[in-house]
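Scroll down for the structure; my scribbles are underneath it.
Computation of the quantities below employed the complete heavy-atom set of this structure, encompassing side-chain atoms and omitting hydrogens, waters and symmetry-equivalent molecules. This one's a predicted model, so the numbers in the text were calculated from it and none came from an experiment.
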Amino acid sequence: MVYVLIVLGLAVVIAPLISAMPSKSQRAKAALRDQARACNLRVSLRPLPVIPPRFRFASDDEFACYEKRLPASLHVAGRDERFVSVSGEWSPTSGVSTAPKWLSALPSGVAFVELSEQTVSIFWNEKEGLDGLNLLSQAIDSIE
């Protein structure tokens, strides 16, 4: 009887500690984000920017923003370009220009890309893991 009480007491103490441990998928995402930081990408969790209703964009995925500062040679004053991927097709959210070719090299989980004067921000669902991160990094490096 004493042993049963000891085991129950330990279970009451240990159960909350075990439930606070990260899951396997949470550890994988953390490792992926650490790897992204090693590639000079800044990772943040922020909401997806507003996408115009005409695109009928709908997704239940959670997106993380992978951001990189562009080299000085690619800085363009006043640049504010946004692109959305709907059914695998990239389109600008404003204007009638065509999407740059480097967007097609991004992993399939990328939904939104924002180019500002000095940075590129990519909203990605992270489902392709390290392979997707490598594609993402290569695509950013190919920006002209």
Nearest heavy-atom pair of G129 and W124: which atoms, and what distance?
-> O-CH2, 3.4 Å

So, W90 side chain and A99 main chain: donor-acceptor pair closer than 3.5 Å or not?
-> no

Shortest non-hydrogen pair, S116 vs R79, comes out as O-NE, 3.1 Å

N/O donor-acceptor pair under 3.5 Å between R69 side chain and T119 backbone = no

Between F112 and P49, the two heavy atoms sitting closest are CE2-CG, 3.4 Å

Work out which heavy atom in L41 is nearest to a heavy atom in K68; give both atom names and the distance.
-> CD2-CB, 3.6 Å

Is it the case that more than 12 heavy atoms not belonging to R54 sit under 6.0 Å from its CZ atom?
-> yes

Looking only at non-hydrogen atoms, find the nearest pair between T98 and F83 and report the distance.
-> O-CE2, 4.4 Å

Correct closest heavy-atom pair for C65 and R46 would be SG-NH2, 3.1 Å

Parallel, tilted or perpendicular: which fits the ring planes of F63 and F57, with parallel below 30° and perpendicular above 60°?
-> tilted

Counting only heavy atoms not in E117, do more than 12 sit closer than 6.0 Å to its CD atom?
-> yes

Take atom CZ of R42 as the centre, draw a 6.0 Å sphere, and report whether it contains more than 12 heavy atoms from other residues, nucleotides or ligands.
-> no

Would you say S137's side chain and N134's backbone share a donor-acceptor pair under 3.5 angstrom?
-> no

Can you tell me if S44 and E67 form a side-chain donor-acceptor pair at under 3.5 Å?
-> no

